[in-house]
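Within every chain, numbering begins at 1; the chains are lettered A, B, ... in the order of the sequence lines, protein sequences first and strands thereafter.
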Amino acid sequence: MKEEIDVLNYFLNPKMEVMKKQEVEKLLKEYGIEKNQLPKVLESDPVVKALKAKKGDVIKIHRKDPTGEYFYYRVVV
Amino acid sequence: MKRRSKFQIPPGEAVGIVAAQSIGEPGTQMTMRTFHYAGVAEHVPTGLPRLIEIVDVRKEPKKPTITIRLKKEYAKKREIAEKVAYEIESIFVKDVAKIIEDVEKGIVVVRFDKIAGEQLGITKEMLLKSIKKGKRKIQEKGEDIIIAVDEDKGKKDEKGEKPKLFSKAKKVRKLFEKISNTLIKGIKGISKAVILEEEGEFIIRAKGSNIRDVIKNKYVDPSRIYTNNIKEIEAIYGIEAARNAIVKEVKDVLDMQGLTVNIRHIMLLADVMCSEGIILKVGRHGLAGRKRSVLARAAFEETIQHLTRAPVIGEEDPLIGTTENIIAGKTVPVGTGRVLLEFTPPKTKEKTERKKRK
């Protein structure tokens, strides 16, 4: 019996989504970096599994910190 | 607008060093003593020991604590909170019964303790049921439950050269241990559940941490459960949740000591620790050991190992980082010194044409 845990609604997890290819290209161009310079997230991460993201996808994280709202990005490895 | 830009961090600022100092300096003032704080079941390490625990990413904190919140519709009902607390709290046979071992007869006698049982809400039937689960031969004699060691297995042992008495004593001992640690009810690892009231809600705080089993309880809200075991959060809810848990834990430690550190420093620390997809320790086995530059690693710890290993595996040092450039005596790429490195003139048509003309 494997109960699915609702990972995405966990109170410590901000809203996350998989980015489209064009968006990723735009992002990398804006910062002038390569994909592998982004912070990483493992393919086996529960959130990645819940989002059904694949290796090489970039996940956009809508972070809400005490200092303000901003986007954070993680590449699936 | 002017004021705002005054407070913005200029590009190339050595934020990592500033963060390290900003967390490290108050760290020296922290008391080594651990405090009891009101209303909590167990006293959890605070102050420096706890901070070290967090940055070292121990697999399990010294005193794991779980905070359980109920689903919204039940959150304000004390009865349900009490019920959940009762259900999750683990009780072993040794808590409600006196266990006597008799080596000569090869038996273990379990004597139910009525007073302790009443306090913990355990009946003799529950005790019997949990002992029976182990499929042992059980005899009841008044208040006593007699369990004999398996004789069949004993005969097999006799073929070996072990003396009979020794193996029997050993078996009784083993059985004794097994029975005293048999779970009657509750969730493995959870004990000492305490109900607290927080903002009109009843929350349960308990010793031990076992998210996976606790959320199977139908009243527990799985999206608001919390534990101070960051590794467990990482495994169940992912790296992003773990990052937020680190921020929260470090902030709690510093707040408790009455120290104010700008949260940006803590956030940076947490971000760096989680940047590789797994939580890295701060130290030679984690963050510092992952640096690309040989010189930077050698400058930190285990200098000789790094320097001898580098030529063997043919490592290259592109001299990008700060430490390497200090060693090499070049301009350090921090602040205004960074401009040199950032600016690689793009190869435009004009330039190549100019070169040709020359």
Item to check | Pairing of B:E53 and B:R50 as salt bridge, 4.0 angstrom limit | outcome: yes
Checklist outcome for this item: Applying a strict 4.5 Å limit to non-hydrogen atoms, the region of B:I211 in contact with chain A is neither
Checklist outcome for this item: If one checks every heavy atom of B:A235 against chain A at 4.5 Å, the contacting part turns out to be backbone
Checklist entry - Between the side chains of B:K71 and B:Y219, does any donor sit under 3.5 Å from an acceptor? => result no
Checklist outcome for this item: Looking only at B:P222, B:A245, B:S223, B:G277, the option with the highest number of non-hydrogen pairs under 4.5 Å against chain A is B:S223
Checklist outcome for this item: Note: vs chain B, highest number of non-hydrogen pairs under 4.5 angstrom among A:P66, A:P46, A:P39 is A:P46
Checklist entry - Is a donor on one side and an acceptor on the other found under 3.5 Å between the side chain of B:E324 and the backbone of B:D317? => result no
Checklist entry - B:L319 and B:N325: which non-hydrogen atoms are nearest, and at how many Å? => result O-ND2, 3.4 Å
Checklist entry - Which answer fits A:I61, side chain, backbone, both or neither, if we ask what part of it has an atom under 4.5 Å from a heavy atom of chain B? => result side chain
Checklist entry - Relative to chain A, which segment of B:N262 carries a heavy atom at a distance below 4.5 Å: side chain, backbone, both, or neither? => result neither
Checklist entry - Among B:K248, B:R243, B:K251, which one satisfies salt bridge (charged side-chain N to carboxylate O under 4.0 Å, His left out) with A:D65? => result B:R243
Item to check | Min side-chain heavy-atom separation B:K231-B:S209 under 4.5 Å | outcome: no
Checklist entry - Is it the side chain or the backbone of B:I239 that comes within 4.5 Å of chain A heavy atoms, both, or neither? => result both
